[in-house]
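For reference, the structure is listed below as C-alpha coordinates.
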Amino acid sequence: MRLIHCADLHLDSRMTSNLSREKARERKKELLLTFERMVKYAAEQHAEAILIAGDLFDTRNISATARHAFWDAVCSRSDITFFYLKGNHDTDHFLADREEIPENLKLFGTEWTSYPLGSRVVVSALEFSEENAAGLAHTLILDPEKFNIVMLHGQQAEVGAKEKFRIIRLRDLKNRGIDYLALGHIHAYREGELDARGVWCYPGCPEGRGFDECGEHGFVLLDVDEETGTCRRQFVPFAQRRLYAISADVSGCEKPSEMADRIDAAIGAQQPLAEDLLKIILTGEVDVEHEVDTEYLRKRLEPDYYYVKLTDETTPAVDVSRFLLDASLKGEFVRTVMSAEDLSDEERAEVIRCGLRAIAGEEIAES
(Lines give C-alpha, C1' and ligand atoms only; values in the text may rest on other atoms or scores of the structure.)
Protein backbone atom coordinates (compact mmCIF):
# COMPACT_ATOMS: atom_id res chain seq x y z
CA MET A 1 0.00 0.00 0.00
CA ARG A 2 1.37 3.40 -0.98
CA LEU A 3 0.64 6.64 0.83
CA ILE A 4 1.89 10.21 0.62
CA HIS A 5 2.72 12.19 3.76
CA CYS A 6 2.74 15.95 3.25
CA ALA A 7 2.27 19.00 5.44
CA ASP A 8 2.49 22.80 5.55
CA LEU A 9 1.31 23.50 2.02
CA HIS A 10 0.15 26.98 3.12
CA LEU A 11 -2.10 27.42 0.11
CA ASP A 12 -3.07 31.07 -0.45
CA SER A 13 0.07 32.35 1.27
CA ARG A 14 0.60 35.96 0.19
CA MET A 15 4.30 35.46 -0.71
CA THR A 16 5.01 39.20 -0.52
CA SER A 17 7.93 39.25 1.93
CA ASN A 18 10.58 39.34 -0.81
CA LEU A 19 8.80 39.35 -4.15
CA SER A 20 7.19 41.99 -6.31
CA ARG A 21 3.39 41.91 -6.54
CA GLU A 22 3.53 40.21 -9.92
CA LYS A 23 5.93 37.50 -8.82
CA ALA A 24 4.11 37.06 -5.48
CA ARG A 25 0.88 36.36 -7.38
CA GLU A 26 2.72 33.91 -9.59
CA ARG A 27 4.30 32.07 -6.65
CA LYS A 28 0.94 31.96 -4.89
CA LYS A 29 -0.48 30.13 -7.92
CA GLU A 30 2.53 27.84 -8.01
CA LEU A 31 1.82 26.66 -4.45
CA LEU A 32 -1.60 25.56 -5.64
CA LEU A 33 -0.23 23.96 -8.80
CA THR A 34 2.30 21.99 -6.74
CA PHE A 35 -0.56 20.60 -4.65
CA GLU A 36 -2.41 19.58 -7.82
CA ARG A 37 0.77 18.00 -9.25
CA MET A 38 1.22 16.06 -6.02
CA VAL A 39 -2.31 14.65 -6.22
CA LYS A 40 -1.66 13.65 -9.83
CA TYR A 41 1.61 12.01 -8.76
CA ALA A 42 -0.27 10.09 -6.06
CA ALA A 43 -2.67 8.75 -8.67
CA GLU A 44 0.19 7.78 -10.98
CA GLN A 45 1.90 5.93 -8.14
CA HIS A 46 -1.40 4.20 -7.24
CA ALA A 47 -1.27 5.70 -3.76
CA GLU A 48 -4.31 4.88 -1.68
CA ALA A 49 -4.10 7.89 0.62
CA ILE A 50 -2.63 11.36 1.14
CA LEU A 51 -1.87 12.35 4.73
CA ILE A 52 -2.05 16.13 5.17
CA ALA A 53 -0.47 16.81 8.57
CA GLY A 54 -1.67 20.37 9.05
CA ASP A 55 -1.52 23.87 7.55
CA LEU A 56 -3.13 23.01 4.25
CA PHE A 57 -4.11 26.69 4.02
CA ASP A 58 -2.29 29.79 5.22
CA THR A 59 -5.15 32.05 6.24
CA ARG A 60 -8.80 32.04 7.23
CA ASN A 61 -9.76 34.06 4.14
CA ILE A 62 -9.28 31.38 1.52
CA SER A 63 -9.70 32.42 -2.10
CA ALA A 64 -12.36 30.78 -4.23
CA THR A 65 -9.61 29.48 -6.53
CA ALA A 66 -7.80 27.64 -3.73
CA ARG A 67 -11.02 26.36 -2.19
CA HIS A 68 -12.35 24.98 -5.47
CA ALA A 69 -8.99 23.48 -6.40
CA PHE A 70 -8.89 21.52 -3.15
CA TRP A 71 -12.46 20.26 -3.47
CA ASP A 72 -11.94 19.36 -7.13
CA ALA A 73 -8.84 17.35 -6.21
CA VAL A 74 -10.72 15.43 -3.51
CA CYS A 75 -13.91 14.85 -5.47
CA SER A 76 -12.19 13.87 -8.72
CA ARG A 77 -9.94 11.28 -7.00
CA SER A 78 -12.43 9.06 -5.22
CA ASP A 79 -9.84 6.27 -5.29
CA ILE A 80 -7.57 8.29 -2.98
CA THR A 81 -8.45 8.90 0.67
CA PHE A 82 -7.42 12.32 1.98
CA PHE A 83 -6.67 12.43 5.71
CA TYR A 84 -6.69 16.10 6.69
CA LEU A 85 -5.55 17.24 10.12
CA LYS A 86 -5.88 20.96 10.78
CA GLY A 87 -2.77 22.91 11.78
CA ASN A 88 -2.32 26.21 13.57
CA HIS A 89 -3.06 28.15 10.35
CA ASP A 90 -6.18 26.18 9.43
CA THR A 91 -9.82 26.83 10.34
CA ASP A 92 -13.15 25.18 9.54
CA HIS A 93 -14.04 28.17 7.38
CA PHE A 94 -13.60 26.43 4.04
CA LEU A 95 -15.91 23.60 5.16
CA ALA A 96 -18.77 25.95 5.97
CA ASP A 97 -20.32 26.00 2.50
CA ARG A 98 -20.26 22.21 2.10
CA GLU A 99 -23.52 20.42 2.78
CA GLU A 100 -21.81 17.04 2.52
CA ILE A 101 -18.22 15.99 3.14
CA PRO A 102 -16.99 13.54 0.46
CA GLU A 103 -16.53 9.99 1.69
CA ASN A 104 -12.85 10.03 0.77
CA LEU A 105 -12.06 13.07 2.96
CA LYS A 106 -11.38 12.14 6.57
CA LEU A 107 -11.29 14.86 9.21
CA PHE A 108 -10.16 14.96 12.82
CA GLY A 109 -11.11 16.86 15.97
CA THR A 110 -9.75 17.51 19.45
CA GLU A 111 -10.26 13.88 20.51
CA TRP A 112 -8.42 10.92 19.01
CA THR A 113 -10.14 9.69 15.86
CA SER A 114 -9.06 6.58 13.96
CA TYR A 115 -9.87 5.38 10.44
CA PRO A 116 -9.06 1.96 8.96
CA LEU A 117 -7.25 1.88 5.65
CA GLY A 118 -6.96 -1.39 3.79
CA SER A 119 -6.84 -4.60 5.81
CA ARG A 120 -4.28 -3.65 8.42
CA VAL A 121 -3.43 0.06 8.36
CA VAL A 122 -5.07 2.48 10.81
CA VAL A 123 -4.68 6.27 10.65
CA SER A 124 -5.23 8.13 13.94
CA ALA A 125 -4.95 11.84 14.64
CA LEU A 126 -5.88 14.56 17.05
CA GLU A 127 -5.98 18.34 16.73
CA PHE A 128 -4.11 20.10 19.52
CA SER A 129 -5.96 22.29 21.98
CA GLU A 130 -4.98 23.82 25.29
CA GLU A 131 -7.33 21.36 26.98
CA ASN A 132 -6.04 18.11 25.47
CA ALA A 133 -2.31 18.79 25.11
CA ALA A 134 -1.18 17.60 28.53
CA GLY A 135 -2.75 14.16 28.31
CA LEU A 136 -2.82 13.42 24.59
CA ALA A 137 -0.38 10.50 24.75
CA HIS A 138 -2.22 8.83 27.62
CA THR A 139 -5.54 8.89 25.76
CA LEU A 140 -4.07 7.30 22.61
CA ILE A 141 -5.19 3.66 22.38
CA LEU A 142 -3.82 1.62 19.46
CA ASP A 143 -4.14 -1.98 18.38
CA PRO A 144 -0.60 -3.43 18.38
CA GLU A 145 -1.63 -5.93 15.68
CA LYS A 146 -2.25 -3.09 13.21
CA PHE A 147 0.15 -0.85 11.30
CA ASN A 148 -0.51 2.39 13.16
CA ILE A 149 0.00 5.79 11.55
CA VAL A 150 -0.44 8.71 13.95
CA MET A 151 -0.70 12.30 12.71
CA LEU A 152 0.11 15.40 14.79
CA HIS A 153 0.85 19.03 13.96
CA GLY A 154 3.24 20.71 16.34
CA GLN A 155 6.79 21.44 17.45
CA GLN A 156 8.89 18.47 18.46
CA ALA A 157 10.59 19.56 21.67
CA GLU A 158 10.94 18.64 25.29
CA VAL A 159 10.54 22.25 26.43
CA GLY A 160 9.77 25.58 24.86
CA ALA A 161 7.73 26.48 21.81
CA LYS A 162 5.88 29.54 20.58
CA GLU A 163 2.55 27.88 21.35
CA LYS A 164 3.37 25.75 24.37
CA PHE A 165 0.36 23.45 23.98
CA ARG A 166 1.63 22.42 20.53
CA ILE A 167 4.80 20.79 21.88
CA ILE A 168 5.25 17.16 20.80
CA ARG A 169 7.29 15.22 23.34
CA LEU A 170 8.54 12.07 21.65
CA ARG A 171 9.30 10.42 24.97
CA ASP A 172 5.57 10.43 25.78
CA LEU A 173 4.76 8.65 22.50
CA LYS A 174 7.31 5.85 22.81
CA ASN A 175 6.15 2.26 23.22
CA ARG A 176 2.52 3.03 22.38
CA GLY A 177 2.30 0.96 19.21
CA ILE A 178 3.07 3.74 16.72
CA ASP A 179 4.69 2.56 13.48
CA TYR A 180 4.84 5.89 11.68
CA LEU A 181 4.41 9.28 13.38
CA ALA A 182 3.40 11.67 10.57
CA LEU A 183 4.19 15.18 11.76
CA GLY A 184 3.65 18.68 10.45
CA HIS A 185 4.70 22.22 11.43
CA ILE A 186 8.46 22.13 10.74
CA HIS A 187 9.16 23.29 7.18
CA ALA A 188 12.23 21.11 6.58
CA TYR A 189 12.46 17.35 6.08
CA ARG A 190 13.46 15.60 9.30
CA GLU A 191 13.11 12.03 10.53
CA GLY A 192 14.30 9.81 13.32
CA GLU A 193 13.68 6.74 15.40
CA LEU A 194 10.75 6.92 17.81
CA ASP A 195 11.36 3.58 19.54
CA ALA A 196 12.24 0.01 18.59
CA ARG A 197 9.02 -0.22 16.58
CA GLY A 198 8.36 3.14 14.97
CA VAL A 199 9.80 6.27 13.37
CA TRP A 200 8.80 9.94 13.33
CA CYS A 201 8.95 12.21 10.29
CA TYR A 202 8.41 15.82 9.23
CA PRO A 203 8.08 15.98 5.42
CA GLY A 204 8.68 19.74 5.39
CA CYS A 205 6.75 22.08 3.12
CA PRO A 206 6.31 21.19 -0.57
CA GLU A 207 7.52 24.65 -1.69
CA GLY A 208 9.95 27.00 0.03
CA ARG A 209 8.34 30.40 0.59
CA GLY A 210 11.28 32.44 1.91
CA PHE A 211 15.03 32.33 2.28
CA ASP A 212 14.64 30.68 5.69
CA GLU A 213 13.30 27.68 3.73
CA CYS A 214 16.18 26.93 1.36
CA GLY A 215 17.10 23.50 0.06
CA GLU A 216 15.01 20.67 -1.32
CA HIS A 217 11.29 20.54 -0.54
CA GLY A 218 8.68 17.92 -1.25
CA PHE A 219 6.86 15.12 0.55
CA VAL A 220 7.35 11.54 1.75
CA LEU A 221 6.21 8.48 -0.18
CA LEU A 222 5.39 5.51 2.06
CA ASP A 223 5.19 1.91 0.91
CA VAL A 224 3.54 -0.24 3.58
CA ASP A 225 3.66 -4.02 3.39
CA GLU A 226 0.43 -5.03 5.11
CA GLU A 227 1.51 -8.64 5.48
CA THR A 228 4.78 -8.00 7.27
CA GLY A 229 3.84 -4.69 8.88
CA THR A 230 6.97 -3.03 7.51
CA CYS A 231 7.26 0.31 5.75
CA ARG A 232 9.72 1.81 3.29
CA ARG A 233 9.79 5.58 3.06
CA GLN A 234 11.32 7.91 0.51
CA PHE A 235 11.60 11.69 0.45
CA VAL A 236 10.44 12.96 -2.95
CA PRO A 237 11.83 16.40 -4.00
CA PHE A 238 8.90 18.11 -5.71
CA ALA A 239 9.17 21.90 -5.50
CA GLN A 240 8.81 23.86 -8.72
CA ARG A 241 11.57 26.23 -7.60
CA ARG A 242 14.40 26.04 -5.08
CA LEU A 243 15.65 28.85 -2.89
CA TYR A 244 19.35 29.44 -2.22
CA ALA A 245 21.11 31.63 0.35
CA ILE A 246 24.67 31.94 -1.00
CA SER A 247 27.54 33.68 0.78
CA ALA A 248 30.25 35.32 -1.30
CA ASP A 249 33.43 36.52 0.41
CA VAL A 250 34.57 39.71 -1.35
CA SER A 251 37.48 40.51 0.98
CA GLY A 252 40.13 42.59 -0.70
CA CYS A 253 38.06 43.37 -3.78
CA GLU A 254 38.55 46.89 -5.12
CA LYS A 255 36.33 46.93 -8.20
CA PRO A 256 32.76 45.77 -8.90
CA SER A 257 34.10 43.36 -11.53
CA GLU A 258 36.22 41.61 -8.89
CA MET A 259 33.22 41.29 -6.60
CA ALA A 260 31.15 39.99 -9.50
CA ASP A 261 33.73 37.26 -10.14
CA ARG A 262 33.60 36.19 -6.48
CA ILE A 263 29.79 36.09 -6.61
CA ASP A 264 29.79 34.06 -9.82
CA ALA A 265 32.18 31.54 -8.27
CA ALA A 266 29.99 31.17 -5.17
CA ILE A 267 26.87 30.71 -7.30
CA GLY A 268 28.64 28.21 -9.55
CA ALA A 269 29.47 26.03 -6.55
CA GLN A 270 25.74 25.71 -5.77
CA GLN A 271 24.59 25.24 -9.38
CA PRO A 272 21.12 26.82 -9.14
CA LEU A 273 18.82 26.75 -12.15
CA ALA A 274 17.31 29.67 -14.02
CA GLU A 275 13.92 29.11 -12.38
CA ASP A 276 15.32 29.39 -8.85
CA LEU A 277 15.38 32.20 -6.27
CA LEU A 278 18.73 33.43 -4.95
CA LYS A 279 19.78 35.47 -1.95
CA ILE A 280 23.41 36.54 -2.22
CA ILE A 281 25.09 37.59 1.03
CA LEU A 282 28.31 39.56 0.62
CA THR A 283 30.79 38.92 3.42
CA GLY A 284 34.39 39.76 4.28
CA GLU A 285 36.30 43.02 4.69
CA VAL A 286 36.28 45.73 2.03
CA ASP A 287 38.38 48.86 2.15
CA VAL A 288 36.26 51.83 3.19
CA GLU A 289 37.23 53.73 0.05
CA HIS A 290 35.90 51.01 -2.24
CA GLU A 291 32.18 51.04 -2.88
CA VAL A 292 30.01 47.94 -2.60
CA ASP A 293 27.36 48.68 -5.22
CA THR A 294 24.71 46.12 -4.31
CA GLU A 295 22.21 47.33 -6.90
CA TYR A 296 24.69 46.95 -9.75
CA LEU A 297 25.74 43.51 -8.58
CA ARG A 298 22.13 42.42 -8.24
CA LYS A 299 21.06 43.80 -11.61
CA ARG A 300 23.74 41.87 -13.50
CA LEU A 301 22.35 38.61 -12.07
CA GLU A 302 18.67 39.46 -12.45
CA PRO A 303 18.24 38.25 -16.08
CA ASP A 304 19.65 34.82 -15.25
CA TYR A 305 17.35 33.78 -12.38
CA TYR A 306 13.70 34.00 -11.38
CA TYR A 307 14.51 36.29 -8.44
CA VAL A 308 17.72 37.69 -6.94
CA LYS A 309 18.16 39.46 -3.62
CA LEU A 310 21.57 40.79 -2.58
CA THR A 311 22.55 41.94 0.89
CA ASP A 312 25.79 43.56 2.03
CA GLU A 313 27.15 42.11 5.26
CA THR A 314 30.74 43.13 4.61
CA THR A 315 32.82 44.89 7.24
CA PRO A 316 34.51 48.17 6.25
CA ALA A 317 38.27 47.76 6.56
CA VAL A 318 40.18 50.85 7.66
CA ASP A 319 43.94 51.09 7.20
CA VAL A 320 44.45 53.96 9.61
CA SER A 321 48.19 54.15 8.90
CA ARG A 322 47.37 55.51 5.43
CA PHE A 323 45.79 58.61 6.95
CA LEU A 324 47.86 59.32 10.07
CA LEU A 325 50.22 61.71 8.29
CA ASP A 326 47.83 62.70 5.49
CA ALA A 327 47.36 66.48 5.51
CA SER A 328 44.21 66.26 3.41
CA LEU A 329 40.59 66.62 4.50
CA LYS A 330 40.32 62.83 4.40
CA GLY A 331 43.22 62.46 6.82
CA GLU A 332 41.83 65.00 9.25
CA PHE A 333 38.41 63.37 9.11
CA VAL A 334 39.74 59.85 9.74
CA ARG A 335 41.96 61.01 12.64
CA THR A 336 39.01 62.79 14.25
CA VAL A 337 36.76 59.74 14.00
CA MET A 338 39.45 57.39 15.30
CA SER A 339 39.93 59.58 18.37
CA ALA A 340 36.20 59.51 19.23
CA GLU A 341 36.00 57.43 22.43
CA ASP A 342 32.22 57.01 22.37
CA LEU A 343 32.26 54.91 19.17
CA SER A 344 32.83 51.18 18.81
CA ASP A 345 35.25 49.83 16.21
CA GLU A 346 32.30 48.87 13.99
CA GLU A 347 30.75 52.33 14.34
CA ARG A 348 34.05 54.05 13.55
CA ALA A 349 34.45 51.98 10.40
CA GLU A 350 30.91 52.79 9.25
CA VAL A 351 31.28 56.53 9.96
CA ILE A 352 34.57 56.57 8.06
CA ARG A 353 33.02 54.66 5.16
CA CYS A 354 30.18 57.14 4.82
CA GLY A 355 32.40 60.17 5.38
CA LEU A 356 34.98 59.23 2.80
CA ARG A 357 32.31 58.59 0.20
CA ALA A 358 30.69 61.94 1.01
CA ILE A 359 34.01 63.73 0.71
CA ALA A 360 34.51 62.07 -2.66
CA GLY A 361 31.11 63.39 -3.73
CA GLU A 362 29.72 59.90 -4.25
CA GLU A 363 26.35 58.51 -3.29
CA ILE A 364 26.38 56.73 0.07
CA ALA A 365 25.06 53.20 -0.23
CA GLU A 366 23.35 51.69 2.81
CA SER A 367 25.36 48.91 4.43
Side-chain angles (χ1 to χ4, degrees), residues 4-43 49-78 80-109 125 127-128 151 153-154 162-163 166 184-188 203-213 217-219 238-243 275-277 306-307 309:
I4 281 178
H5 170 207
C6 65
D8 301 286
L9 291 93
H10 289 278
L11 303 181
D12 258 6
S13 180
R14 295 178 64 190
M15 307 293 287
T16 54
S17 59
N18 289 297
L19 304 177
S20 65
R21 284 188 179 182
E22 181 182 349
K23 277 191 163 55
R25 285 195 296 268
E26 187 172 24
R27 284 295 287 150
K28 183 177 178 180
K29 292 176 184 176
E30 288 175 355
L31 294 183
L32 194 55
L33 291 171
T34 294
F35 168 70
E36 293 176 342
R37 286 193 298 115
M38 182 186 68
V39 175
K40 182 180 179 182
Y41 176 90
I50 296 177
L51 313 171
I52 305 173
D55 286 353
L56 171 62
F57 297 104
D58 191 63
T59 177
R60 175 181 173 83
N61 298 317
I62 304 163
S63 68
T65 299
R67 189 168 63 249
H68 291 317
F70 175 74
W71 287 119
D72 287 347
V74 173
C75 296
S76 66
R77 300 289 185 180
S78 58
I80 297 175
T81 303
F82 293 76
F83 294 92
Y84 169 42
L85 173 68
K86 287 187 297 182
N88 52 299
H89 280 259
D90 293 317
T91 70
D92 286 325
H93 184 60
F94 87 106
L95 298 169
D97 60 348
R98 301 293 298 191
E99 294 182 7
E100 232 178 278
I101 301 299
E103 181 63 28
N104 63 324
L105 176 61
K106 307 301 183 185
L107 305 174
F108 302 91
E127 180 189 342
F128 274 115
M151 297 171 61
H153 184 90
K162 188 174 181 180
E163 294 177 276
R166 289 189 179 275
H185 191 57
I186 302 299
H187 290 189
C205 50
E207 289 275 352
R209 294 181 299 150
F211 289 106
D212 56 341
E213 296 176 359
H217 289 278
F219 50 80
F238 209 71
Q240 183 163 336
R241 305 181 191 278
R242 288 186 63 174
L243 291 92
E275 63 263 27
D276 293 332
L277 295 83
Y306 181 76
Y307 174 79
K309 179 178 183 179

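Positions are given from 1 along the sequence.
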Report the C-alpha distance between K29 and L32 in whole Å, list the side-chain angles of each, state the deciding distance to 0.1 Å, and finish with yes or no for side-chain contact (heavy atoms from CB on, under 4.5 Å). CA-CA 5 Å; K29 292 176 184 176; L32 194 55; 5.7 Å; no

Counting N and O atoms only, with roles assigned by atom type, does the side chain of Q240 sit under 3.5 Å from a partner on the main chain of E207, one being a donor and the other an acceptor? no

CG/L51 to CZ/F219 distance, rounded to the nearest 0.5 angstrom? 12.0 Å

Does the side chain of I4 reach to within under 4.5 Å of the side chain of Y41, using non-hydrogen atoms? yes

State, yes or no, whether a side-chain contact exists between D8 and H153 at a heavy-atom distance under 4.5 Å. yes

Does R242 use its side chain to pair, donor to acceptor, with the backbone of D276 at less than 3.5 Å? no

Do the non-hydrogen side-chain atoms of L105 and F70 ever get within less than 4.5 Å of each other? yes

Note: H185 and N88 closest approach over all heavy atoms is ND1-OD1, 3.3 Å

Could you pull out all residues at least two apart from F108 that satisfy ring pair (Phe, Tyr, Trp, His ring centres under 6.0 Å)? Y115

Calculate, to the nearest 0.5 Å, the distance between atoms CD and NZ belonging to E127 and K86 respectively. 4.0 Å

Of the non-hydrogen atoms in P206 and H217, which two are nearest, and what is the gap between them? O-CB, 3.5 Å

Quick check: closest heavy atoms across E213 and C205, and the distance to 0.1 Å? OE1-SG, 3.7 Å

Considering non-hydrogen atoms only, spot the tightest contact between A24 and L19 and give its length. N-CB, 3.9 Å

Are the side chains of N18 and L277 in contact, using a 4.5 Å heavy-atom criterion? no

Short side-chain to backbone donor-acceptor contact, N104 and V74, under 3.5 Å: yes

Could you grab the distance from atom CG of L11 to atom CG of D55, nearest 0.5 Å is fine? 10.5 Å

Tell me if the CZ atom of R37 is crowded by more than 12 foreign heavy atoms within 6.0 Å. yes

Any idea which heavy atoms bring D58 and S13 closest together, and the distance? OD2-CA, 3.6 Å

Indicate whether any N or O donor in one side chain lies under 3.5 Å from an N or O acceptor in the other, for S63 and D12. yes

Taking side chain as C-beta onward, heavy atoms only, is L9 less than 4.5 Å from L31? no

Test side-chain contact (heavy atoms from CB on, under 4.5 Å) on I50 and M38 and set out the steps. CA-CA 9 Å; I50 296 177; M38 182 186 68; 4.3 Å; yes

By ring pair (Phe, Tyr, Trp, His ring centres under 6.0 Å), Y84 pairs with (sequence neighbours left out) F94

Do F82 and V39 touch side chain to side chain, with heavy atoms closer than 4.5 Å? yes

In Å and rounded to the nearest 0.5 Å, what is the NZ to CG distance from K40 to L33? 11.5 Å

Find out whether L243 and Y307 are in side-chain contact, i.e. whether some heavy atom of one side chain is under 4.5 Å from a heavy atom of the other. no

So which pairs with a foot in residues 8-27 pass ring pair (Phe, Tyr, Trp, His ring centres under 6.0 Å), sequence neighbours left out? H10-H89, H10-H187

Please check if any side-chain donor atom of E26 sits under 3.5 Å from a side-chain acceptor atom of Y306, or the reverse. yes

Nearest non-hydrogen partners of C75 and P102, listed with the distance: SG-CG, 3.9 Å

Salt bridge flag under 4.0 Å for residues R27 and E30: yes

